[in-house]
Amino acid sequence: MSAVSGTYHPPVLRNQPILALAGNPNTGKSTLFNALTGLRQHTGNWPGKTVLQARGSLVHDGRKYIVVDLPGTYSPLANSAEEEVARDFICFAKPDVTVVVVDATCLERNLSLVLQVMEITEKVVVCVNLIDEARRRGIRIDIRRLSQKLGLPVVATAARTGEGLGQLLDEAVGVIRGTLKPKPNRTIYHKKIEEAVSSLEPEVRACLNGELDSRWVALRLLEGDASIVEFLKRLSSEAMHPLESTVIGYQRCVDSLMKQANKLSGHGQNEVRDSIVQTIYEAAERIARGVISREVEQKTDWDRKIDNILTSPVWGFPIMFGLLAGVFWITLTGANYPSAVLADGLFRVEARLTDLFTALNAPEWLHGFLVLGVYRCAAWVVAVMLPPMAIFFPLFTLLEDAGYLPRVAFNLDGFFKRAGAHGKQALTMSMGFGCNAAGVLSCRIIESPRERLIATLTNVFVPCNGRFPALIALATIFAGGAVTISLSGIVATLTVSGLVVFGIAVTLFASWLLSRTLLQGIPSSFVLELPPYRRPQVGQVIVRSLLDRTIFVLGRAVIIAAPAGGLIWVLANTAVGDVTILSVLAGQLDPLGRNMGLDGFILLAFILGLPANEIVLPVLIMSYLSGSALTEPGSIASLRQLLVEQQGWTWLTALCTMLFMLCHWPCGTALYTIRREQNSWRWTLLAALIPAAVGVLVCLSVNYAVRGLGLV
Amino acid sequence: MAGLVTLNAVPVGSSALVTKISAAGMTRRRLLDLGLVPGTRVEVVRRSLLGDPVAYNIRGALVALRKEQSSQVVVSNGE
Ligand SMILES: Nc1nc2c(ncn2[C@@H]2O[C@H](COP(=O)(O)OP(=O)(O)OP(=O)(O)O)[C@@H](O)[C@H]2O)c(=O)[nH]1
Ligand SMILES: [Mg+2]
């Protein structure tokens, strides 16, 4: 992926032709993009996976083409931020060809978008994707006939397997080069609408100077599309008139167009819109009927059967919890061994490094800073955090690829509705498990600004991939320590799953509170498509997400953990009077920490961990270690020794640390993303303060309750 | 049993014909974009755990709507 951007870029002079991929959500645009460009744009079996446009390139017959992957849309009129990206791109950037990707198993609905896009531009190629799935369900599509009826080139593809891609490219390149000229059969609307269009269109044409299709603009004006005015005004400032006087003239022109359109459709704008959409759907229906044939025998509807179980009133929630716990259990048990091996290897390297420094007669401080600080902290991150992350992420991606996430949203929506939040918040929350910054970004799929803000502010309450390895480690040490070895894995799993459920409860409560105080309002409309289940591409998902994760964590270890380690070493080895700076800082934080069931070092680690949550536990270990000598660092056993025997942690300390791990400020990247998405410092600050306040309150109450009851 | 009701009143397992969308603004546009135009047959597929939302089969796609939306779709209930 090169430039990834959510905002509109003026159509810069470009020497490479652009191929844009548009279409309904979840039709395989990103999969197609990856197949065409060899890049690795994220895909997932739920509508709304892509919220930004991604760019890549491909070479065909020795010429280079830019490929742009757009977010999915139901119509070319923008309703939400991510749909706006798609509309703006098609209208302003004017791709040299727009490939509309349609779902072969749901052709009729998808055709309505094709019919609308071809009103904006003639340079359209239709890609009937998921043809393999259609075949499996006994759906046959007459591609030649479809092409005739639309007046556009049509190609059947299966983006996953690569079927039909060569032909798709040929047609797309043909359109770009002009050797292939699509002659779209445009939809004819009701007589009255057509009359109004003919009287309005000449003026639109004069006003727009050929920048946009005048018939399309006239139709939008007639149906009173609120966004079209803003859209036309932006067009004036960004695309066509460089001189101010012409801008004013143009705006006057737009205003007069508006008035005229209003006069033509009067108060009947809704009727105009209805009539237009109805005509489009009738056309889509007619075309679909003419090209689809179904095999007679209806096979068993597996999707319904699976849904009967996964969303059943009895089994729905237990299965959700079971899957969550299952994923954690595999992560926890699977990570044990590689963690130990990694720790062993990395600390062996540390010993060799120390030998090297001694042999070179390097000064003590240099060895301390580089080996005991920088290297050790990075090593801790890799040893403790990497294995669980590398296991969890592929598992999560498998569930996502199979199509389970929309079912979670469907199951949980009742709660979110009661909390005054949007149903898709369950989806953005799920994205948060991978990474809260990604979760915040995915909030774009929520149209209403109020609900998007609620989802953004509460996203941090699900533990991201950078936090739950620490939860797992602590749960293993403490929950596991309380019972026999054979049960310890299960107890630890239940602890972590319980924490996640608690996090979801906090999310709902915080959303409820926000929608009653700072962000009052009525819930906006909720529309969620439940895509068919798909067999996940197991091998590919595992290899890719494993590689992605490994590289990501290693990168973070180098960029963030290493300097943090160096800093800790400096703080721990610079004395003011007789005490080190580290002890002074921790001492300052100690009273608050103790009240919260923590200590000063733990709070300090959370603060130093602001850039990335992965480093919180390693930083804590580092600062504990700086005062003592741990003979054999690395394994969970030695961690237990450090925390319990040397630092006097009880299960309450662990619990409060885990709770604060769950509820504190978002990491630097997430905050940066919130700032960019909301474009407001105030909300960014609140996004940090709200969870922090929740965390402090929760820890205080738990600490006092447990101590009050005399449980420790 | 033919008569005008709203979509949320149609029981699971049966289907109905859309006659009118009474919503306005954004909701109206969303519903129309999904293909809920007059004359469309909608099948009520399942209710979620807490009773709302409900999943409908609209033009071959499974779409979940909350009661606030489905009550703005007027349908004629009856085969
Ligand atoms: N069987 C089959 N599955 C496919 C094909 N193309 C895509 N998929 C799957 O369909 C799902 C959606 O694919 P994406 O590429 O994420 O869809 P998208 O159009 O980018 O979706 P949004 O970004 O949400 O609009 C994924 O689970 C893909 O693996 C195909 O040709 N055949
Ligand atoms: Mg996509």
Side-chain angles (χ1 to χ4, degrees), chain A residues 24 73-75 77 79-80 103 105-110 112-113 116 139 225-226 270 273-282 284-285 288 303-304 307-308 311-317 406-407 409-415 417-418 423 447-448 522-532, chain B residues 4 6-8 11-76:
Chain A
N24 279 1
T73 51
Y74 286 110
S75 94
L77 310 174
N79 286 320
S80 59
D103 179 346
T105 65
C106 185
L107 194 61
E108 189 180 311
R109 220 267 311 283
N110 283 256
S112 81
L113 183 71
Q116 294 178 75
I139 301 172
D225 179 353
N270 262 351
R273 174 78 194 143
D274 283 14
S275 167
I276 289 178
V277 179
Q278 193 168 353
T279 310
I280 285 176
Y281 266 103
E282 278 164 10
E285 217 176 298
D303 278 20
R304 287 213 179 168
D307 270 340
N308 283 343
T311 63
S312 100
V314 183
W315 294 109
F317 287 127
R407 271 71 191 183
F410 184 65
N411 285 343
L412 290 181
D413 181 59
F415 293 117
K417 183 177 158 185
R418 269 158 233 193
E447 305 93 272
S448 123
I522 36 157
S524 70
S525 60
F526 168 69
V527 165
L528 174 74
E529 202 176 331
L530 303 168
Chain B
L4 291 189
T6 50
L7 187 54
N8 60 311
V12 172
S14 48
S15 58
L17 275 184
V18 177
T19 52
K20 201 180 104 190
I21 304 288
S22 56
M26 192 73 96
T27 311
R28 181 184 195 87
R29 279 238 308 250
R30 267 270 184 255
L31 294 175
L32 289 175
D33 286 344
L34 285 173
L36 280 172
V37 299
T40 311
R41 178 159 292 283
V42 179
E43 182 199 355
V44 186
V45 179
R46 69 180 68 251
R47 225 163 259 288
S48 74
L49 303 184
L50 300 166
D52 196 37
V54 175
Y56 301 94
N57 179 352
I58 305 171
R59 296 180 186 267
L62 192 61
V63 180
L65 301 177
R66 280 184 182 172
K67 204 172 97 213
E68 283 71 8
Q69 280 77 60
S70 52
S71 64
Q72 293 181 310
V73 180
V74 183
V75 296
S76 67

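So you know, we letter chains A, B, ... as the sequences are listed, proteins then strands, and number each from 1. Treat the numbers as computed from the prediction; the structure is a model and nothing was measured. Every heavy atom of this structure was used, including side-chain atoms; hydrogens, water molecules and symmetry mates were not.
- The closest side-chain heavy-atom distance from B:Leu50 to A:Arg418 is below 4.5 Å.
- For the options A:Glu285, A:Glu529, A:Arg304, A:Gln116, heavy-atom pairs under 4.5 Å to chain B are most numerous at A:Arg304.
- Under the 6.0 Å cut-off for aromatic ring centres, A:Phe415 and A:Phe317 qualify, their centroids lying closer than that.
- No other option in B:Gln69, B:Arg28, B:Arg46, B:Arg47 has as many heavy-atom pairs under 4.5 Å with chain A as B:Arg46.
- Remark: side-chain polar atoms of B:Ser22 are paired, donor with acceptor, to backbone N or O of B:Gln72 under 3.5 angstrom.
- For B:Val54, the part lying near chain A is the backbone, with the side chain staying farther off; criterion is any non-hydrogen pair under 4.5 Å.
- Side-chain atoms of B:Asp52 do not come within 3.5 Å of backbone N or O of B:Arg66 as any donor-acceptor pair.
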side-chain contact (heavy atoms from CB on, under 4.5 Å) evaluation trace for B:Leu65 with A:Val527: CA-CA 5 Å; B:Leu65 301 177; A:Val527 165; 3.6 Å; yes
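- Contact check on A:Arg273 versus B:Asp33 returns a salt bridge, with a Lys/Arg side-chain nitrogen under 4.0 Å from an Asp/Glu carboxylate oxygen.
- Contact of B:Val37 with chain A is made through the side chain alone, with heavy-atom distances under 4.5 Å.
- Of the two parts of A:Asn24, neither the backbone nor the side chain holds a non-hydrogen atom closer than 4.5 Å to a non-hydrogen atom of chain B.
- A 4.5 Å side-chain heavy-atom check between B:Leu34 and A:Tyr74 finds at least one atom pair inside the cut-off.
- Contacts of A:Gln278 with chain B are made by both backbone and side-chain atoms, with heavy-atom separations under 4.5 Å.
- When the candidates A:Thr73, A:Leu107, A:Asn308 are compared by the number of heavy-atom contacts under 4.5 Å with chain B, A:Asn308 comes out ahead.
- Comparing A:Asp274, A:Thr311, A:Val314 by how many heavy-atom pairs each has under 4.5 Å with chain B, the most go to A:Asp274.
- Per-residue counts of heavy-atom pairs under 4.5 Å with chain A were compared for B:Gly51, B:Gly60, B:Pro53; the largest is that of B:Pro53.
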